[in-house]
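The structure appears right after this line, and notes come after that.
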Amino acid sequence: MPNLVSGWETMIDIIHELEWRGLLADCTDLDELQKRLSAGPVTLYCGFDPTADSLHVGNLVPLLALRRFQLAGHRPIALAGGATGLIGDPSGKSAERNLLTHEILQANIQGVSSQLSRFLDFEKTENPALLLNNADWTAPVSFLDFLRDTGKHFSINMMVQKESVKSRMEDRASGISYTEFSYMLLQAFDFQVLQKDHNCDLQIGGSDQWGNITAGIDLCRKKNARPAFGLTLPLITNADGSKFGKSVDGAVWLDPARTSPYRFYQFWINTDDRDVIKFLKFFTFLDRDQIAELEKLHEENPGRREAHRRLALEMTTLIHGEAAAEESIKASQILFGGGLEGITESIFREIAGEVPTCKVQKSEFEGDGRSMVDLLVDAGLCPSKGQARKDIQAGGIYLNNIRVTDPAAAVASSDLLFDKFLLLRKGKKNYVVVSVE
RNA sequence: GGUAGGAUACCCAAGUGGCCAACGGGGGGAGACUGUAAAUCUUCUGGCUUUGCCUUCGCAGGUUCGAAUCCUGCUCCUACCA
C-alpha cells in the first residue's frame with residue numbers, strides 16, 4: 001500500500017505507537033480510525049484553552065501527541081481557545097469558575113499560541129501544522145444564528161447525560177451556569193467547522209474531553225454528513241497518588257519565566273521510581289529500544305537513576321533547549337553538594353536565581369569579618385543564633401559548599417566569590433546566596 | 001446554678017516544694033547511611049553577650065531561703081448532677 005503520497009512509505013503506525021506508549025485511553029471507532037490513518041495523512045486537532053499565559057506540564061501529553069501524529073505523517077492543528085476560553089470548560093471542574101477578562105484572555109492567547117507553535121512544524125511541505133484560534137469563526141456568528149444552526153442539533157436530554165454536566169447538576173451547592181453548560185456546543189462547533197474548512201476528521205484530547213469530543217462528532221455527522229473520530233489520551237497519575245504536574249512551588253509551567261529550566265529539570269528528575277519508565281513513554285520521543293535499555297539499567301541499579309536523568313534531560317532539552325538543559329545539570333550538581341571548583345560567574349548567577357538571596361553591605365566583611373552565626377540569622381537560614389551554633393556544631397553549615405566547623409568562625413572578604421557572592425548552605429538543600437554591595 | 005476534674009514548650013503528654021528549661025511520644029532541624037528515594041540509626045528541638053545568665057508550666061497576686069508544684073482571686077475547658 002505504499003506510494004499514496006511521497007514520503008508516505010516511511011509513515012509509522014501511529015496507533016500502535018500510541019498504544020505501546022500507553023497513550024491510548026479511548027477511541028470512538030479504533031478499527032475504522034486505524035484504516036483511515038493507514039490510508040493516508042489525516043488532519044487532526046486538539047484545543048488548548050488559554051486559562052493562563054503559559055501551558056504547563058499537564059498540557060504536554062496532548063500537545064506532544066499532536067507532534068507524534070505529525071511525525072507519523074499526519075496534519076496537526078493546534079487550536080487556541082480564544083472563544084471557548086471566554087466561557088470556561090466545566091469538564092473535570094467541580095465548581096463554576098470566574099470568567100477571565102478580555103484583556104487577560106488576549107495576553108493568555110498570545111503566550112499559549114507561541115508555545116503551541118514551538119512543538120509543531122509549520123514549514124513541512126507534505127503535512128504542515130496549523131495554528132488556529134476558534135474566536136476567528138465563533139465570534140462573527142450571531143447568537144440567533146448559533147441557536148438556529150447549531151443549537152438545534154443538540155438535545156438537552158443528551159447534554160445532561162454527559163458526565164461533566166451531570167455531576168454538576170447533581171451537586172446542588174455548586175450547580176452549573178447556562179454559560180458553562182453551553183461550552184460543549186462551542187467545542188462541537190469547532191470540530192464541525194474544522195472538518196468542513198480543513199478536512200479535520202479527528203479530535204484528540206485528555207480523557208476528560210470525551211463528552212465534548214463525541215458531541216462534536218455528532219454535530220459533524222448531522223451538519224457535514226461526514227464521519228469523524230475522537231481519540232482520548234490518558235489522565236497522568238503519580239504512583240504515590242498525588243496530582244501530576246505539581247511541585248512544591250505549584251504547577252510546573254513551560255514558560256521559563258514561571259518555572260525556571262533548573263526547576264523544570266528538577267521536577268522530572270524527582271519522578272517516582274515507579275513512574276519513570278511510564279513517563280519516558282508518555283513524554284519523550286525515545287524509541288522502544290532506547291526505553292527498553294533505560295528500563296534495564298533502571299532495574300539493574302535504580303540508584304544510578306539513569307532513567308530519571310535521561311527523562312529530565314530529554315524534557316528540558318525539548319522545552320528549553322540544549323544550552324538551558326546543560327546549565328540546569330551544572331546548577332543541579334552544585335546545588336546538590338558538588339564543589340564550586342571551576343565555577344563561572346554566569347553559572348553562579350544562574351544558581352543565585354534559584355535560591356533565596358540576601359544583600360549585605362561590603363563594609364560588614366572588613367577587618368575581622370562578619371560572624372558566621374550572625375550571617376546565618378540575617379540570611380534567614382537559622383531562626384536564632386543559638387540554633388545557628390547548634391547547626392554548626394552538628395556539621396550542618398557550609399560556606400561555599402565547604403563545611404564550617406567552628407561556631408565562632410567569621411567570614412571575611414577573602415571568602416567572597418567573584419568579590420561579591422557567598423553561597424551559604426544549611427543541611428542538604430537549604431541554600432542562600434549572600435550578595436555583597 | 002451545684003459538684004468534681006483540668007489548663008505544661010509546635011502537638012500529645014509526664015512532673016505535684018529544691019536534683020526542672022522541665023521525662024516520654026509525635027512533628028521539625030542537623031548528621032550518618034543512601035539514589036536529590038524509602039527504611040534505619042545518632043543528635044538537637046525557649047532565648048542570649050553560652051563552662052554562665054535571662055524568660056517560660058492559663059492570668060493576677062500571695063506563702064516560702066526556694067514554686068510548674070502550696071494558698072487566694074480571675075478566665076477558659078471537660079465530666080456528672082439540676
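The basis for the numbers below is simple: all heavy atoms, side chains too, and nothing from hydrogens, waters or symmetry mates.
One atom, OH of A:Tyr431, and another, P of B:U36, lie 12 Å apart when rounded to the nearest Å.
Comparing the C1' positions of B:G62 and B:G17 gives an interatomic distance of 15 Å, to the nearest angstrom. Taking atom P on both B:C59 and B:A68, the two are 12 Å apart, rounded to the nearest angstrom. Rounded to a whole angstrom, the distance from the P atom of B:A22 to that of B:C54 is 15 Å. Comparing the C1' positions of B:U8 and B:A21 gives an interatomic distance of 12 Å, to the nearest angstrom. Of the C1' atoms belonging to B:A9 and B:G58, the separation is 14 Å, rounded to the nearest Å.
For B:G35, the base has no donor-acceptor partner in the side chain of A:Asn301 [N/O atoms by modelled type, under 3.5 angstrom].
Contact annotation for A:Lys428: base contact, defined as any heavy-atom pair under 4.0 Å involving a base atom. Counting non-hydrogen atoms under 4.0 angstrom, A:Gln393 reaches nothing in the nucleic acid. As judged by a 4.0 angstrom heavy-atom cut-off over every strand, A:Arg403 is placed among residues touching the sugar-phosphate backbone only.
Under 4.0 angstrom from either OP1 or OP2 of B:U50 there lies no side-chain N or O belonging to A:Lys385. In this model, the phosphate group of B:U49 is approached by a side-chain N or O of A:Arg389 to a distance below 4.0 Å at OP1 or OP2. Dashed line: the shortest gap from a side-chain N or O of A:Asn270 to OP1 or OP2 of B:G35 is not under 4.0 Å. An OP1 or OP2 oxygen of B:G31 is reached within less than 4.0 angstrom by a side-chain nitrogen or oxygen of A:Tyr398.
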Using the 3.5 Å cut-off, write out each protein N or O paired with an N or O of nucleotides 23-28 of chain B and the distance between them.
none

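Base pairing annotation: B:A30 forms a Watson-Crick or G-U wobble pair with B:U42, both donor-acceptor distances under 3.5 Å.
Taking the ring centre of A:Tyr398 as origin, the terminal cationic atom of A:Arg425 falls inside the region bounded by 6.0 Å and 45° from the ring axis.
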